[in-house]
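Model, not experiment: these values are computed from the prediction. In the text below, chain A, chain B and the rest are named by the order of the sequence lines, each starting its count at 1. What's counted below: heavy atoms across the whole structure, side chains too, no hydrogens, waters or symmetry copies.
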Amino acid sequence: MWRRRSSGGASAETREAPEARETQQTPAEPQSDLTIDALGRKCPIPIIMLAEQINVVPLGGVVAVHADDPAAFTDIPAWCRLKSHGHVATYDLPRGGWSIHVRRNY
Amino acid sequence: MPLRAAPVSVLTVAYLDAASTEPLHPAAREALMTALDAGWADPARLYGTARRAQMLLDQARAEVAEIIGARADEVSFTSSGTQAVHSGVLGTLRGRRRSGHRLVVNAVEHSSVLNAASVHERDGGEVETVGVDLTGRADTAAFAEAVSRPGTALACLQTANHEVGTLQPVEEVADACAAAGVPLLVDAAQSAGRLPIPPGWSVLAASAHKWGGPAGVGVLAVRKGTRWRSPYPEDERERRRFPGFENVPAIVAAAAALRARAAEEAAEGPRLSALVDRIRREVPRLVPDVEVIGDPVARLPHIVTFSCLYVEGEALLTELDKSGFAISSGSSCTASTLRPSHVLEAMGVLTHGNVRVSLPRGVSEGDVDRFLAVLPDIVRRIRASLGVH
């Protein structure tokens with residue numbers, strides 16, 4: 001089985017063989033307007049937290065969701081697609097888990 | 001003490017998990033009972049009862065071969081579909097050792113394929129995984145490119161996905177494999193008995209309990225001319241391909257179920273497919289924030305999968321169970337496996353709140369009505385318990 005890493009800024013729309021993800025470098029994480037700490041929380045809780053708080057940031061603002069449930073890695077970008085918000089990028093966190101950046105589109 | 005009747009809910013459970021296992025077909029039950037009496041002896045011996053067992057075994061082999069589009073001498077019976085896949089993958093890699101060590105698999109294959117691939121990798125082989133699109137369909141161009149690389153010994157592709165029902169482009173991939181001179185193993189576990197087996201395979205694996213036969217019977221067909229060497233120690237069974245005493249009664253029952261199932265499918269397939277269409281249409285209308293996944297058209301007749309946002313999958317299945325529905329999920333944010341479904345993950349769709357409805361032969365329309373009636377309130381209650389309204 002494969003291990004997952006961040007997609008390193010790749011578009012949420014491109015799906016690659018999971019190994020392909022491993023080879024990509026993780027760029028430095030840029031600033032976000034709001035950080036949601038969902039570390040240690042199981043899905044769907046991180047997504048519920050995101051849905052509750054996305055409107056806290058201004059239009060075009062970026063929410064960073066910190067999560068370590070493996071489901072969040074797939075489910076937050078999927079939520080963005082379903083809800084027409086933008087999955088900007090996913091970054092590895094130094095202590096495990098990811099910072100998943102979501103842009104408020106409306 | 002007087003016996004108490006079982007609770008009503010037990011008696012009215014709607015079984016909607018055919019993709020896990022199809023209930024035993026009546027034709028299989030009948031064949032099984034007969035063969036337990038007529039086919040119990042050792043088919044490898046020479047006396048009358050043994051020859052009768054051998055005859056029943058040969059007859060079952062010929063029937064299965066005809067339906068899957070193989071020659072009888074290409075077909076072996078295994079002790080499960082998983083064993084058929086494992087030995088299909090590892091045996092072909094072994095037979096083609098001199099051609100190379102590269103194995104190409106589709107990302108959403110059944111775990112039996114991926115587990116065999118892990119063994120190959122552990123033993124020093126190379127595995128390339130080809131991705132899928134949002135519907136779960138393998139990327140044909142990427143697959144063609146992957147098999148054309150030098151040193152490719154085998155490629156694996158399922159006929160249809162077991163979690164979301166999407167049909168795979170087997171014929172196109174088979175053409176690409178043929179052009180590259182690479183054998184293609186096709187895992188037909190979810191479609192055998194329901195849809196014709198697409199042509200072009202070199203190795204074919206299937207599982208009897210998925211088509212209404214008994215558990216414990218798998219099928220492995222290896223095309224004449226495909227190099228394959230058993231990964232097991234040999235004995236005189238199954239033309240030295242699979243060791244161990246054959247379960248002749250179960251194999252006879254498996255063949256009877258496949259024959260009956262294939263004959264019924266012209267009527268039953270479209271009926272189940274229409275019920276699936278109805279679920280695909282109604283669920284998003286009745287339940288907010290639901291994504292129905294998999295290909296809406298190029299799909300198996302009996303599987304439909306959807307994911308509900310903001311719902312924990314295990315809670316959903318537990319509540320459905322309490323309401324009298326035996327249903328499973330592709331996703332598994334469950335206690336037993338902490339990883340989400342590799343299928344949903346590779347597709348890039350929601351992995352939580354996932355429900356796979358798979359309709360067995362003869363399912364009543366009333367069961368589907370009742371499912372659609374109870375689902376909205378169950379989802380609403382679970383969301384409310386998490387503070388989502």
Side-chain angles (χ1 to χ4, degrees), chain A residues 1-7 10-24 36 38-55 65 67-87 89-90 96-98 100 102, chain B residues 104-108 111 114-115 117-118 121 126-136 138-139 142-143 146 289-291 293 307-316 331-335 337-354 382-383 386-389:
Chain A
M1 291 295 141
W2 52 74
R3 282 185 58 225
R4 290 179 305 173
R5 301 273 172 79
S6 86
S7 55
S11 153
E13 309 310 318
T14 53
R15 260 160 293 280
E16 301 142 321
E19 294 92 316
R21 291 175 184 163
E22 289 198 40
T23 61
Q24 292 179 0
I36 296 173
L39 292 167
R41 309 298 299 271
K42 293 279 163 213
C43 269
I45 303 296
I47 292 169
I48 293 173
M49 293 167 84
L50 170 62
E52 277 170 349
Q53 296 183 58
I54 185 85
N55 289 343
V65 183
D68 51 11
D69 179 5
F73 182 91
T74 306
D75 286 12
I76 289 175
W79 179 87
C80 293
R81 181 173 49 75
L82 292 174
K83 291 292 179 184
S84 305
H85 287 298
H87 172 227
T90 298
W98 306 275
I100 307 168
V102 175
Chain B
V104 175
V105 299
N106 165 31
V108 301
S111 56
L114 301 180
N115 291 342
S118 295
E121 212 164 24
E126 186 192 334
V127 177
E128 179 170 352
T129 307
V130 176
V132 295
D133 66 14
L134 207 53
T135 71
D139 182 335
F143 220 110
D289 288 324
V290 163
E291 180 180 32
I293 56 188
S307 294
C308 307
L309 265 177
Y310 320 128
V311 170
E312 203 240 307
E314 206 172 30
L316 188 49
S331 90
S332 37
C333 292
T334 62
T337 51
L338 292 168
R339 294 192 51 82
S341 145
H342 73 274
V343 172
L344 304 180
E345 201 175 77
M347 290 167 68
V349 297
L350 282 183
T351 67
H352 75 266
N354 181 264
I382 295 170
R383 283 177 177 161
L386 295 172
V388 179
H389 297 280

field: Portion of D139(B) that has a non-hydrogen atom of chain A nearer than 4.5 angstrom
entry: neither
query: Is there side-chain contact between P44(A) and L386(B), with heavy atoms separated by less than 4.5 Å?
result: yes
task: Name the region of I76(A), side chain, backbone, both or neither, that has any atom closer than 4.5 Å to a heavy atom of chain B.
output: neither
- prompt: For H352(B) and I47(A), which heavy atoms make the closest approach, and how far apart are they?
  reply: CE1-CD1, 3.4 Å
task: Might you point out which heavy atoms bring G348(B) and A78(A) nearest each other, and give the distance in Å?
output: O-CB, 3.8 Å
- prompt: Do R81(A) and V349(B) pass the side chain to side chain contact (heavy atoms under 4.5 Å, CB included) test, and can you show the C-alpha distance, the side-chain angles, and the key distance before you say yes or no?
  reply: CA-CA 9 Å; R81(A) 181 173 49 75; V349(B) 297; 3.8 Å; yes
task: Side-chain contact test, heavy atoms from C-beta onward, threshold under 4.5 Å: evaluate it for L344(B) versus T74(A) and give yes or no.
output: no
query: Given that the side chain runs from C-beta out, which part of I48(A) has a heavy atom under 4.5 Å from chain B: side chain, backbone, both or neither?
result: both
